[in-house]
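Right, one structure below, let's go through it.
In this chain, numbering begins with 1 at the start of the sequence shown.
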Amino acid sequence: MKLMSRLAIAVSLTSLMPLSALAGEVEVLHWWTSGGEKRAVDTLQKLVEDQGHTWKDFAVAGGGGEAAMTVLKTRAVSGNPPAAAQIKGPDIQEWGELGLLAKLDGVAKAQQWDQLLPPQVIDVMQFGGHYVAVPVNVHRVNWLWINPEVFAKAGATPPTTLDEFFAAADKLKAAGFMPLAHGGQPWQDSTVFEDLALGLLGPDDYRKAFVDLDREVLTGAKMVEVFAALQKLHGYVDANAAGRDWNSATAMVMNGKAGMQIMGDWAKSEWSAAGKQAGSDYQCLPFPGTQGSFAFNIDSLAMFKLGDADNRKAQEDLARTVMGTEFQNVFNQNKGSIPVRLDQDMSGFDACAQQSMADFKAAAANGGLQPSLAHGMAASSYVQGAVFDVVTNFFNDPKADPKVAAQQLAAAIEAVQ
Ligand code: BGC
């Protein structure tokens with residue numbers, strides 16, 4: 001048979017094959033809804049659709065993901081979970097215990113995840129020795145974002161210590177700028193609290209407090225200092241902060257209204273989306289006093305058991321895509337995070353990401369690498385919720401006593417254990 005007619009038969013056979021044998025649907029729950037976050041997640045959607053699959057977007061707005069987790073529980077309880085959901089840290093174990101998560105061992109073996117991922121990450125992604133989630137990135141929580149032009153106008157110096165931070169805030173205030181752009185939402189309040197804790201307690205005691213839940217450290221003199229610093233910091237937050245989204249706060253620094261924002265490096269996604277350059281238009285500094293430490297927040301997609309074989313194929317392709325170098329490169333440059341693969345080429349990444357990767361590796365080697373409490377990496381969602389309540393109540397009460405707050409923190413954590 002001539003080559004052309006063989007080809008013609010092959011082509012017509014392919015066209016007879018039902019499309020469903022090749023392609024499935026993946027429904028993906030996430031909370032990446034800010035302008036910059038959306039740009040990042042769009043890259044994943046495209047890579048999945050390029051493989052012929054259908055992407056069903058299940059985006060639930062709300063920074064930090066509390067709203068998304070509530071919606072996910074409702075869907076799971078009604079027996080209809082999505083194919084994939086952004087579930088992080090110890091929560092993955094809780095979902096695993098419910099028996100709802102699918103095993104990804106085949107993909108993990110073929111792509112050699114065991115060789116590509118740091119051991120701390122592997123532990124989190126596995127349940128009962130099986131991969132049930134795929135890691136997307138590594139975010140660093142302990143960052144301070146500043147607008148250098150505003151700093152120059154106010155004669156303020158980029159801070160490296162907490163004292164310098166308050167001195168810069170005073171200068172910014174005196175020059176008529178909003179010193180600190182903050183959104184009054186529990187997860188944002190606790191993001192600031194956690195950065196203060198990492199600096200004032202140091203990484204060892206931070207771990208004792210929020211991973212080991214050690215009563216002595218939770219109620220100790222240094223924790224009282226953390227609350228006192230949080231109270232002082234509240235003096236630099238504007239009266240309209242209540243309910244403000246984190247990306248609106250980022251915009252205030254970007255448009256020169258405010259001088260600083262304390263936020264994880266997803267804030268960089270907003271700067272990148274606006275075409276701003278790290279190092280010149282804005283600066284990223286380790287949160288003052290936390291140099292050498294790295295509070296990590298790993299985004300991950302946990303996979304739910306599915307009945308349909310085509311959809312299972314789409315789900316596996318999604319997992320393979322997420323661990324692929326193309327996704328790790330493009331997504332993370334848009335998201336503000338660094339790749340989770342240890343072998344990834346970082347040459348296309350900006351100065352903040354380069355610093356983040358160097359600091360990640362150094363912190364992993366010297367004990368400075370610690371899980372973020374505010375972003376669900378350190379403890380269960382129950383402990384996280386208890387901390388949020390105490391921290392936010394304290395933050396909003398200018399007369400609250402730091403000593404009492406430390407006692408309340410320990411009591412609230414004990415009550416949910
Ligand atoms: C997530 C990030 C997200 C941020 C703001 C964090 O908890 O890990 O992916 O960008 O919340 O919503």
Testing the 3.5 Å rule here: is there a donor-acceptor pair between the side chains of [X] and [Y]?
X      : Y      : answer
Gln277 : Asp350 : no
Glu49  : Gln45  : yes
Asp189 : His182 : yes
Asp359 : Gln355 : yes
Gln261 : Thr250 : yes
Ser34  : Asn247 : no
Thr191 : His375 : yes
Glu414 : Gln417 : no
Asn80  : Ser78  : no
Ser372 : Glu194 : yes
Thr325 : Gln344 : no
Lys335 : Asn137 : no

Please report the interatomic distance [atom1]([X]) to [atom2]([Y]), rounded to the nearest 0.5 Å.
X      : Y      : atom1 : atom2 : answer
Gln328 : Ile338 : CD    : CD1   : 10.0 Å
Leu318 : Glu27  : CG    : CD    : 12.0 Å
Asp389 : Gln384 : CG    : CD    : 11.0 Å
Thr321 : Glu326 : OG1   : CD    : 9.0 Å
Ile122 : Gln115 : CD1   : CD    : 8.0 Å
Met125 : Gln120 : CE    : CD    : 11.5 Å

Side-chain contact test, heavy atoms from C-beta onward, threshold under 4.5 Å: evaluate it for [X] versus [Y] and give yes or no.
X      : Y      : answer
Leu285 : Ile146 : yes
Gln291 : Thr160 : yes
Phe349 : Asn332 : yes
Leu342 : Leu116 : no
Met303 : Leu301 : yes
Ser356 : Arg140 : yes
Val322 : Phe331 : no
Phe58  : Leu72  : no

Trp95 and Phe304 aromatic ring geometry - parallel, tilted or perpendicular at 30°/60° bounds: perpendicular

Parallel, tilted or perpendicular, as decided by the 30° and 60° cut-offs, for the rings of Tyr206 and Phe210: perpendicular

Cationic N near anionic O, under 4.0 Å, Lys399 to Asp397: no

Check ion pair Asp42-Lys46 (N to O, under 4.0 angstrom): no

Using every non-hydrogen atom in the two residues, find where [X] and [Y] come nearest and quote the distance to one decimal.
X      : Y      : result
Pro148 : Ser280 : CG-O, 3.4 Å
Gly259 : Val253 : O-CG1, 3.8 Å
Asp105 : His130 : OD2-ND1, 2.5 Å
Ala302 : Ala133 : CA-CB, 3.7 Å
Phe151 : Pro159 : CE2-CD, 4.0 Å
Ala273 : Gly36  : CB-CA, 4.0 Å

Lys103 to Tyr131 six-membered ring, cation-pi geometry met (6.0 Å, 45°): no

Identified side chain to side chain contact (heavy atoms under 4.5 Å, CB included) counterpart of Trp266 within the set Lys268, Met263, Glu270: Met263

Partner set under salt bridge (Lys or Arg N to Asp or Glu O under 4.0 Å) for Asp123, not counting sequence neighbours: none

Salt bridge (Lys or Arg N to Asp or Glu O under 4.0 Å) partners of Arg312, counting only residues at least two apart: none

Side-chain donor/acceptor of Asp238 to backbone N/O of Asn240, under 3.5 Å: yes

Check: Arg244 main-chain N/O paired with Gln188 side-chain donor or acceptor under 3.5 Å: yes

side-chain contact (heavy atoms from CB on, under 4.5 Å) assessment of Val26 paired with Asp57: CA-CA 8 Å; Val26 270; Asp57 202 43; over 6 Å; no

Stepwise side-chain hydrogen bond (donor to acceptor under 3.5 Å, both in side chains) test for Asn311 and Gln315: CA-CA 6 Å; Asn311 293 347; Gln315 185 183 50; over 6 Å; no

Full working for side-chain contact (heavy atoms from CB on, under 4.5 Å) between Leu172 and Val150: CA-CA 8 Å; Leu172 291 163; Val150 171; 3.6 Å; yes

Audit row: Lys403, Asp401, salt bridge (Lys or Arg N to Asp or Glu O under 4.0 Å) steps and yes/no: CA-CA 5 Å; Lys403 279 203 193 95; Asp401 180 346; 5.7 Å; no

Pair Glu94-Ser380, side-chain hydrogen bond (donor to acceptor under 3.5 Å, both in side chains): steps then yes or no: CA-CA 9 Å; Glu94 282 178 28; Ser380 72; 4.6 Å; no

Sequence neighbours excluded, every pair satisfying salt bridge (Lys or Arg N to Asp or Glu O under 4.0 Å) that has a member inside residues 153-167: Glu149-Lys153

Check: Phe360 ring centre within less than 6.0 Å of His139 ring centre: no

Within the 6.0 Å centroid threshold, strictly below: Phe193 and Phe227: yes

